[in-house]
Amino acid sequence: MALGLRATSSAVWVTLLCALLVAIFSVLSPEHAFFSQQTFTNVSLSSAQIVLLCVAQAMLLGAGHIDISQGGVIVFSSVIGGTVVQAVTGVGSDTIATSYSHLGLAIVVAVAAATATGALIGAANGLFVARLRLNSLVVTLATLGIASGAAQLITNGANLSGLPTSLQTGFGIKSVGGWVPLPALVSAAIVAIVWVAFAKTRFGLRTLAIGSNVSAAERAGVPVGWHVVRLFALSGLVAGVAGVIDLTRFATTDIGGHQNDALAAIAGAVIGGTSLQGGRASVGGAIVGALLAVILQIGLVVLNLSPFYQTIAIGAVLLVAITVDRLLKARKDS
Amino acid sequence: MRLHRRYVAALVAAAALTAAAGCGSGSDGDDTGGSSTTAGSREKVTVGFVTAGVNLPFYSAMKCGAERAATAEDVDLLWQGTDSIAASDEMRTLQAIQSRNPDGIILVPWDSNAFVAPTRTMIAQGTPVLTVDGSLSQPIAPYLGTDNLAAGAQAGEALGELIDGRGTVAILTAAPGNEVQNKRWRGFKAAIERRWPDVKVLEPQYVGSDTAKAATATTSLLSGNPDLAAVYTTQDASGEGAASALRAAGKQGDVKLVSYDATPRQVQGLKAGTYDALVAQNPREIGEQMVRDAGRMIREDAQLPKQQYVPSKFLTRENVDDASTEGFVYSGC
């Protein structure tokens with residue numbers, strides 16, 4: 001498994017880089033403000049969604065596919081979830097309510113509807129790719145547009161409002177012991193499941209086999225089409241979960257947002273050692289690849305670096321990360 | 001592994017350099033802090049400012065006014081924002097600024113619902129919050145900025161006059177779900193329907209903060225509506241896009257163009273005939289007043305009015321050269 005080792009070494013290097021950044025930000029920030037419970041909570045909450053997307057993207061890339069539609073799925077499923085909450089509680093966007101009837105039921109149905117919506121869109125992506133042998137980049141670009149547009153259509157162009165703020169205070173911005181945000185816990189649990197499946201079951205082996213050589217995988221008896229559909233459904237499912245997290249963090253939808261989420265997720269996966277050409281993927285790398293960008297974004301604000309320099313600094317660090325990674329590997333190969 | 005170590009060493013060296021540079025600027029800050037105690041008797045307070053879309057010219061002008069007031073009021077201003085206009089990105093930045101424990105927060109809420117709960121938390125923790133340029137859906141923090149409904153309505157009435165109350169009018173706006181942008185075109189549309197019943201107002205086109213999309217939309221609107229008499233845009237980037245599309249179609253002047261905002265380029269365009277009128281807000285004044293107000297909220301526990309409007313100005317070719325127009329052009333210091 002030389003290929004697997006290469007992906008792992010990237011994960012180790014990016015983890016070191018993250019630790020180094022944390023150290024630098026902690027030393028440089030006034031009164032070491034970065035090294036605080038607040039930053040820990042902020043990093044975990046801000047990365048809860050992107051880590052999910054990144055890990056699913058790593059699986060897809062490992063199998064030689066890509067999913068551009070994740071951002072659109074987040075928006076669409078959060079709109080479905082929000083609409084369900086409104087329908088079950090009977091509170092519309094133009095009413096301001098202080099108490100909501102059937103709120104517990106509303107939340108359960110909303111979560112189920114939103115995640116199912118995500119998984120279904122993902123599965124549809126997978127069917128187009130696997131059955132019709134269409135290019136996944138183009139298929140998911142199309143569903144990105146359809147999902148985003150449908151969300152705008154349902155909401156008539158205005159973000160849902162009038163949703164209970166208890167969504168936020170009870171889950172979206174609630175932390176266990178003031179440290180670990182609940183959305184981050186949910187995200188971590190899902191990532192752990194995917195990680196175990198990838199590392200310990202034939203799920204991972206099949207994923208990488210498809211990405212390395214499709215026809216060889218087929219000859220070896222891997223149900224390629226079915227597996228690809230499952231991978232896309234996974235990507236849609238986690239985007240649906242991210243949509244639920246969005247809804248609970250903001251007590252509204254963000255129908256104009258999330259357009260670049262999938263790109264950020266792909267970048268995070270690649271930084272963590274997953275190959276764009278398929279056949280190589282790392283769950284751990286995807287996690288730290290996602291964290292790297294979030295740590296940078298937060299640290300530079302705490303340092304109060306001018307926002308314009310921040311954009312440059314983030315680009316520069318990402319470039320350094322992948323350049324050093326490449327140089328390390330080149331040395332190992334020779 | 002030997003080489004591995006060399007890279008790590010280089011990286012540590014680079015980090016050390018950054019650290020040295022950072023310390024240098026840090027001690028500069030301490031110096032100015034020391035001198036201010038001799039200049040004024042007041043203790044310095046720290047105010048965090050957070051917006052999305054921080055790269056827009058509007059916020060550069062706002063920063064200019066804010067920094068001027070910060071010097072005068074002994075305020076340490078932490079000016080932060082994100083390039084993107086997504087609520088999640090802005091939320092992350094807001095939380096990062098909070099870890100610096102500022103005495104007060106000035107927030108441009110790019111989503112009127114999403115920031116309600118965090119604002120409530122900050123206020124409960126004793127940090128006063130002032131919202132500027134955009135407001136929250138619940139009246140828990142004072143607002144300072146333009147009266148977007150009224151300014152939009154003023155644009156609508158004036159535009160009706162430009163086209164003699166006849167023809168079709170198109171609206172280009174940024175993104176669905178943005179209440180500030182929505183008010184700008186809803187005020188506009190309501191005023192036209194009230195005052196100019198013969199004018200047909202099309203459904204708004206959502207073009208983001210994207211010049212190219214705005215140009216494409218304008219060209220399509222031109223081919224779809226032969227009687228298009230005017231285009232109204234709710235922010236500067238879409239105004240620029242519409243302007244270039246009208247020029248390319250040879251319709252400049254025939255199809256009137258009225259845009260929100262007044263970047264230096266837009267003001268030039270107004271003088272040259274690319275635009276027929278501009279709704280100019282006063283970001284410098286907003287910036288100055290918000291820092292003064294935040295200072296009062298922190299130091300005197302002042303209760304500000306729920307809504308304070310900073311007047312906007314309707315710029316036309318007739319009044320654009322007046323001396324009183326100067327502060328309304330969006331430029332940094």
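Lettering follows sequence order; numbering is per chain, from 1. Heavy-atom basis, side chains included; hydrogens, waters and symmetry copies ignored.
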Check: B:Asn55 and A:Phe308 side chains under 4.5 Å, non-hydrogen atoms: yes
Side-chain heavy-atom pair A:Gln168, B:Pro118 within 4.5 angstrom cut-off: yes
[X] portion near chain B, given a 4.5 angstrom heavy-atom threshold:
X: A:Leu163; result: neither
X: A:Leu45; result: side chain
X: A:Asn42; result: both
X: A:Ile298; result: both

Roughly how far, to the nearest 0.5 Å, is [atom2] of [Y] from [atom1] of [X]?
X: B:Arg120; Y: A:Thr169; atom1: CZ; atom2: OG1; value: 9.0 Å
X: A:Asp254; Y: B:Ile85; atom1: CG; atom2: CD1; value: 8.5 Å
X: A:Ile50; Y: B:Ser88; atom1: CD1; atom2: OG; value: 9.0 Å

How far apart are the closest heavy atoms of [X] and [Y], and which atoms are they?
X: B:Gly81; Y: A:Gln310; result: O-OE1, 4.5 Å
X: A:Thr253; Y: B:Asp111; result: O-OD2, 3.8 Å
X: B:Trp79; Y: A:Pro307; result: O-CD, 3.8 Å
X: A:Ile173; Y: B:Ala117; result: CD1-CB, 3.9 Å

Side chain to side chain donor-acceptor pair (under 3.5 Å) pairs, two or more places apart, involving residues 293-305 of chain A: A:Gln297-B:Arg92, A:Asn304-B:Gln80
A:Phe171 CZ: over 12 foreign heavy atoms closer than 6.0 Å: yes
Positions in residues 93-100 of chain B that reach chain A, provided some heavy atom is under 4.5 Å away: B:Thr93, B:Gln95, B:Ala96, B:Ile97, B:Gln98, B:Ser99, B:Arg100
Selection from A:Gly172, A:Ser36, A:Pro30 maximising heavy-atom pairs under 4.5 Å formed with chain B: A:Pro30
Residue among A:Ala251, A:Ala33, A:Gly257, A:Gly299 with most heavy-atom pairs under 4.5 Å to chain B: A:Ala33
